[in-house]
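Below you'll find the structure, written out as structure tokens, and then a few comments.
Predicted model, so just to flag it, every value in this text is computed and none were measured.
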Amino acid sequence: MKNSINEEIVTALKILGVRGEITLPPTICTDRIKVSVNGQYFGLWDTVKKTFVD
């Protein structure tokens, strides 16, 4: 399941035109994942809504 979530995030970033090194730290909360691009915070991915929520 984690792999498919990672793929969802990568696909969403590509659609948004975001390029760079994507970092996804170990998941602390099952419904939100902190996403960083090129070492900079990008946003929170909501695994239920399947979108960035901030």
Measure the shortest side-chain to side-chain distance between V35 and I9 over non-hydrogen atoms and say whether it is less than 4.5 angstrom. yes

Which side-chain N or O atoms in residues 10-25 pair as donor and acceptor under 3.5 Å with protein atoms at least two apart or in another chain?
from : atom 1 : to : atom 2 : distance (Å)
T11  : OG1    : E7 : O      : 2.8

Would you please name every residue forming a salt bridge (Lys or Arg N to Asp or Glu O under 4.0 Å) with D31, sequence neighbours left out? none

Tell me the side chain to side chain donor-acceptor pair (under 3.5 Å) pairs involving residues 33-44, sequence neighbours left out? Y41-D54

Rounded to the nearest 0.5 Å, what separates atom CZ in R32 from atom CG in D46? 4.5 Å

Would you kindly confirm whether L44 and V37 end up in one hydrophobic cluster when ILVMFWY residues are joined by side chain heavy atoms under 4.5 Å apart? no

